[in-house]
Amino acid sequence: MAQTNSTHGRKARPLSPHLQIWRWGPAMFTSIMHRVSGNGLAVVGLGLLLCWLGTLVSGADAYAKFQAQASSWYGMVVLVGVSWAFFNHLCSGVRHFILDIGAGFEVKSNNTFSILTNVLGVVFTIAFWAIILLR
Amino acid sequence: MGNGTSIGRVRGLGSSHHGAHHWLLQRFTAVGNLVLTAWFAVSLVLLPDYSYGTLRDWFAHPVPATGVALLIVCTFWHARLGMQIMIEDYVHESGSKFAAMAALNLVVFGAVAFGLFCVARLALGAA
């Protein structure tokens, strides 16, 4: 509510400091990635889900066009990106549940969990595609 | 917005005891997503291929059709709640915020309707 501070002739209230003022830590990075992957999934991931369903309903020809786009190099970039966003958001989401019960706020365990969620997100993505492509 | 009484100055500006409800719904839908997306990811991995025939057969079964229908409702609900927070954090001007929230709600309701229609069509044949 930055604009209300000056308009009513009241004394300017202190604003919360933003990103650039903090010393970087794993929790900050994980929080930002949680938001990025979540909103990425909401826009690209769910959009892709609807395209997949829509072309599947529209018939074999429409679905063949979807498959052609999805299996191209840029299609694979999007699919791998969406799957990474999914596994990353899943892992950092589970971290949020752990924080919600009041656990994992000590500096050491918080840093460990923060790094772990990002590493696991990448590991699960690689495992998922390894199973699909190598079977 | 009023400018006299203290209640007039704060009315409409912030928490009116809706925050906890939003927070809880985000957790409930997150639990739903955890179950449904795990089921969906495992189902995708277990499918022999992603050809048209295989997927039409898969959707013709009651459990996949029900699961994907629930997945659509739960993930879009969760996404709506999450994107609302993003809008509230980054869009400060009240007119733009109202427009962004209205657009978000329209898109989400339209998308869910489309997704559920597709699943119904796939489940009940007629294509």
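Proteins get letters first, then strands, A, B, ... in listed order; numbering begins at 1 in each. Values below: all heavy atoms of this structure, side chains included; hydrogens, waters and symmetry mates excluded.
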A.B. asks: Can you tell me which portion of A:Leu50 sits under 4.5 Å from chain B's heavy atoms? Options are side chain, backbone, both or neither.
C.D. replies: both
A.B. asks: Where on A:Leu46 is there a heavy atom nearer than 4.5 Å to chain B: the side chain, the backbone, both, or neither?
C.D. replies: both
A.B. asks: Would you say that more than 12 heavy atoms from the other residues, nucleotides or ligands in this model lie under 6.0 Å from the CG of B:Asp89, or not?
C.D. replies: yes
A.B. asks: Tell me whether A:Val44 is reachable from B:Leu71 by hopping between hydrophobic residues (I, L, V, M, F, W, Y) whose side-chain heavy atoms are closer than 4.5 Å.
C.D. replies: yes
A.B. asks: I want to check something: taking the side chain as every heavy atom from C-beta on, are B:Trp58 and A:Leu56 in contact at a cut-off of under 4.5 Å?
C.D. replies: no
A.B. asks: Do A:Leu53 and B:Phe114 come close enough that some side-chain heavy atom pair is under 4.5 Å?
C.D. replies: no
A.B. asks: What pair of heavy atoms forms the shortest contact from B:Ala41 to A:Phe128, and how long is it?
C.D. replies: O-CE1, 4.0 Å
A.B. asks: For residues A:Phe124 and B:Leu44: do they belong to one hydrophobic cluster (side chain heavy atoms under 4.5 Å, members Ile, Leu, Val, Met, Phe, Trp, Tyr)?
C.D. replies: yes
A.B. asks: Side chain from CB out, backbone as N, CA, C, O: work out which of these in B:Val119 comes under 4.5 Å of a heavy atom of chain A, or both, or neither.
C.D. replies: side chain
A.B. asks: Under 4.5 Å, counting heavy-atom pairs only, tell me which of B:Met86, B:His78, B:Arg80 racks up the most with chain A.
C.D. replies: B:Met86
A.B. asks: Looking at A:Ala60, A:Gly47, A:Gly45, which one has more heavy-atom pairs under 4.5 Å with chain B than the rest?
C.D. replies: A:Ala60
A.B. asks: Step by step, work out the side chain to side chain contact (heavy atoms under 4.5 Å, CB included) result for B:Tyr52 and A:Phe66.
C.D. replies: CA-CA 11 Å; B:Tyr52 181 73; A:Phe66 175 85; over 6 Å; no
A.B. asks: Could you tell me whether A:Trp129 atom CH2 has more than 12 heavy atoms of other residues or ligands within 6.0 Å of it?
C.D. replies: yes
A.B. asks: As an exercise, state the distance from CG of B:Asp49 to CZ of A:Arg135, rounded to the nearest 0.5 Å.
C.D. replies: 8.0 Å
A.B. asks: What do you reckon, is CZ of B:Phe28 surrounded by more than 12 foreign heavy atoms closer than 6.0 Å?
C.D. replies: no
A.B. asks: Give, for atom CG of B:Leu55 and atom CH2 of A:Trp52, the distance between the pair rounded to the nearest 0.5 Å.
C.D. replies: 5.5 Å
A.B. asks: Is there side-chain contact between A:Asp100 and B:Trp23, with at least one heavy-atom pair below 4.5 Å?
C.D. replies: yes
A.B. asks: Under a 4.5 Å heavy-atom cut-off, does chain A meet the side chain of B:Tyr50, its backbone, both or neither?
C.D. replies: both
A.B. asks: Should the heavy atoms of other residues, nucleotides or ligands under 6.0 Å from CZ of A:Phe105 be counted, would the total exceed 12?
C.D. replies: yes
A.B. asks: Testing the basics here: between A:Ala42 and B:Ala79, what is the closest heavy-atom pair and its distance to 0.1 Å?
C.D. replies: CB-CB, 3.7 Å
A.B. asks: Is there a path of hydrophobic side-chain contacts, each under 4.5 Å between heavy atoms, that joins B:Leu36 and B:Val31?
C.D. replies: no
A.B. asks: Relative to chain B, which segment of A:His89 carries a heavy atom at a distance below 4.5 Å: side chain, backbone, both, or neither?
C.D. replies: side chain
A.B. asks: Would B:Leu34 and A:Val94 count as a side chain to side chain contact (heavy atoms under 4.5 Å, CB included) if you check the C-alpha gap in whole Å, the side-chain angles of each, and the deciding distance to 0.1 Å?
C.D. replies: CA-CA 9 Å; B:Leu34 200 59; A:Val94 169; 4.2 Å; yes
A.B. asks: Is it possible for you to say whether A:Leu48 and A:Val43 belong to one hydrophobic cluster, with membership spreading through side-chain heavy-atom contacts below 4.5 Å?
C.D. replies: yes
A.B. asks: Is B:Val73 reachable from B:Phe117 through a run of I, L, V, M, F, W or Y residues, each pair having side-chain heavy atoms under 4.5 Å apart?
C.D. replies: no
A.B. asks: In terms of heavy-atom pairs under 4.5 Å, which option from B:Ala111, B:Gly82, B:Ala38 contacts chain A the most?
C.D. replies: B:Ala111
